[in-house]
Number of protein chains: 2
Amino acid sequence: MENKPVETTYYHLKRCPVELALEVIGGKWRIPILWKLSDAKTVRYNELKRSISGITNTMLTRSLQDLERHGLVKRIEYSEVPPHVEYSLTDTCQRLIPALKIINEWGKSI
Amino acid sequence: MENKPVETTYYHLKRCPVELALEVIGGKWRIPILWKLSDAKTVRYNELKRSISGITNTMLTRSLQDLERHGLVKRIEYSEVPPHVEYSLTDTCQRLIPALKIINEWGKSI
DNA sequence: CAGCATCCTCCGTGATACTG
DNA sequence: CAGTATCACGGAGGATGCTG
């Protein structure tokens with residue numbers, strides 16, 4: 001058996017998990033989006049937009065794409081006219097919701 | 001019966017607690033700082049700086065000041081030469097740490 | 001050791017308009 | 001309804017040097 005390839009620079013093994021997580025859920029809109037998605041099974045694009053005060057199409061779209069790419073959000077498109085798209089949290093992301101609940105409670109007291 | 005007074009703009013009463021919290025703990029460095037402070041009773045400035053990879057003096061100082069102003073961090077300065085300053089979490093902030101622990105665990109799995 | 005003062009850059013974010 | 005495509009900008013964040 002040959003020698004296994006040397007492990008090259010696996011930065012992610014050294015990086016702080018909190019910082020890694022923040023790369024995925026950080027930014028101005030992602031946590032608010034996740035939080036809104038967390039109290040409904042599925043949410044439509046415009047419903048999401050209305051419920052998150054101040055967010056623009058640009059940022060909502062981009063944030064949802066980022067979250068989807070990282071596997072936190074599921075996007076289901078129904079082939080209808082007019083278009084119909086439902087967003088929901090993945091199981092991976094569900095495990096994060098308890099943290100958001102704590103933050104929410106904490107936020108009430110400040 | 002008279003008409004009830006119109007609700008004037010009490011933004012703080014309407015705002016989502018999560019968003020409020022994020023104004024205080026959001027940004028690139030604040031949560032990493034809090035996280036580092038959470039696993040020690042007190043931490044000195046340069047120790048904090050060394051342990052948070054990539055942070056600059058500017059951002060560490062500013063972030064600590066913001067956190068102190070919002071009552072999340074306690075700063076104790078000892079009158080010595082050379083200077084000696086200890087940072088620690090306030091009780092208010094301690095209540096937030098369980099959320100960071102969840103985020104940390106979650107971050108290990110991504 | 002623990003910052004502060006400046007200056008500067010970059011890009012996250014916003015505004016606007018348009019579309020299948 | 002659910003987005004895309006551009007363009008522009010302000011301010012969060014960074015680099016550098018200095019100090020009590």
Original post:
Looking for any heavy atom pair under 4.0 Å, which part of the strands does A:Gln65 touch: base, sugar-phosphate only, or nothing?
Top reply: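 Counting heavy atoms under 4.0 Å across all strands, the contact made by A:Gln65 is with sugar-phosphate only.
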
Please report the distance, rounded to the nearest Å, between [atom1] in [X] and [atom2] in [N].
{"X": "A:Leu48", "N": "D:dA2", "atom1": "CG", "atom2": "C1'", "answer": "12 Å"}
{"X": "A:Glu23", "N": "C:dC11", "atom1": "CD", "atom2": "P", "answer": "15 Å"}
{"X": "B:Ile33", "N": "C:dG3", "atom1": "CD1", "atom2": "P", "answer": "12 Å"}
{"X": "B:Ile52", "N": "C:dA2", "atom1": "CD1", "atom2": "P", "answer": "14 Å"}
{"X": "B:Ile25", "N": "D:dA12", "atom1": "CD1", "atom2": "P", "answer": "17 Å"}
{"X": "B:Leu60", "N": "C:dA2", "atom1": "CG", "atom2": "P", "answer": "10 Å"}
{"X": "B:Glu86", "N": "C:dC1", "atom1": "CD", "atom2": "C1'", "answer": "12 Å"}

Original post:
Is there a donor-acceptor contact under 3.5 Å from the side chain of B:Arg30 to the main chain of B:Ser63?
Top reply: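 No, the answer is negative, given that no donor and acceptor are paired below the 3.5 Å cut-off.
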
Original post:
Just how far is it from atom CD1 of B:Ile31 to atom CD1 of B:Ile103, taken to the nearest 0.5 Å?
Top reply: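 Taking CD1 in B:Ile31 and CD1 in B:Ile103, the distance rounds to 5.5 Å.
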
Original post:
Roughly how far apart are A:Asn57 CG and A:Lys49 NZ, rounded to 0.5 Å?
Top reply: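 Taking CG in A:Asn57 and NZ in A:Lys49, the distance rounds to 3.5 Å.
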
Below 3.5 Å between N/O atoms, which protein atoms pair up with nucleotides 13-20 of chain C? Just atom names and distances, please.
| from | atom 1 | to | atom 2 | distance (Å) |
| --- | --- | --- | --- | --- |
| C:dT13 | OP1 | A:Lys28 | N | 3.3 |
| C:dG14 | OP1 | A:Lys28 | NZ | 2.9 |
| C:dG14 | OP2 | A:Trp29 | NE1 | 3.2 |
| C:dA15 | N6 | A:Thr58 | OG1 | 2.9 |

Subject >> Sorted by number, the residues of residues 74-82 of chain B with heavy-atom contact under 4.0 Å to DNA chain D >> reply: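 Within residues 74-82 of chain B, no residue comes under 4.0 Å of DNA chain D.
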
Original post:
What's the shortest heavy-atom distance between A:Thr92 and A:Gly71, and which atoms?
Top reply: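 Between these two residues, the closest heavy atoms are CB-O, 4.0 Å.
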
Original post:
Does A:Glu105 pair with A:Lys108 as a salt bridge, N-O distance under 4.0 Å?
Top reply: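 A salt bridge is present here (some side-chain N lies under 4.0 Å from a carboxylate O).
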
**OP:** Evaluate the side chain to side chain contact (heavy atoms under 4.5 Å, CB included) criterion for residues A:Glu86 and A:Arg44: first the C-alpha distance (whole Å), next the side-chain angles of each, then the deciding distance (0.1 Å), finally the verdict.
**Re:** CA-CA 5 Å; A:Glu86 300 270 9; A:Arg44 299 182 63 161; 3.8 Å; yes

Original post:
Got A:Cys16 and B:Lys36 here, is their nearest side-chain heavy-atom distance under 4.5 Å?
Top reply: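 No, every pair of side-chain atoms sits at 4.5 Å or beyond.
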
Subject >> Sub-4.5 Å side-chain heavy-atom contact between B:Glu68 and B:Lys74 >> reply: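 Side chain of B:Glu68 against side chain of B:Lys74, heavy atoms only: no contact under 4.5 Å found.
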
Original post:
Taking only side-chain nitrogens and oxygens of B:Tyr45, does any of them come within less than 4.0 Å of OP1 or OP2 of C:dC4?
Top reply: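 For B:Tyr45, the contact criterion (side-chain N or O under 4.0 Å from OP1 or OP2 of C:dC4) is not met.
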
Subject >> Short side-chain N/O contact from A:Tyr87 to OP1 or OP2 of D:dG3, under 4.0 Å >> reply: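 True: A:Tyr87 side-chain N/O within range (under 4.0 Å) of D:dG3 OP1/OP2.
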
Subject >> Co-membership, hydrophobic cluster, residues A:Trp35 and A:Leu37, 4.5 Å side-chain >> reply: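 Yes.
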
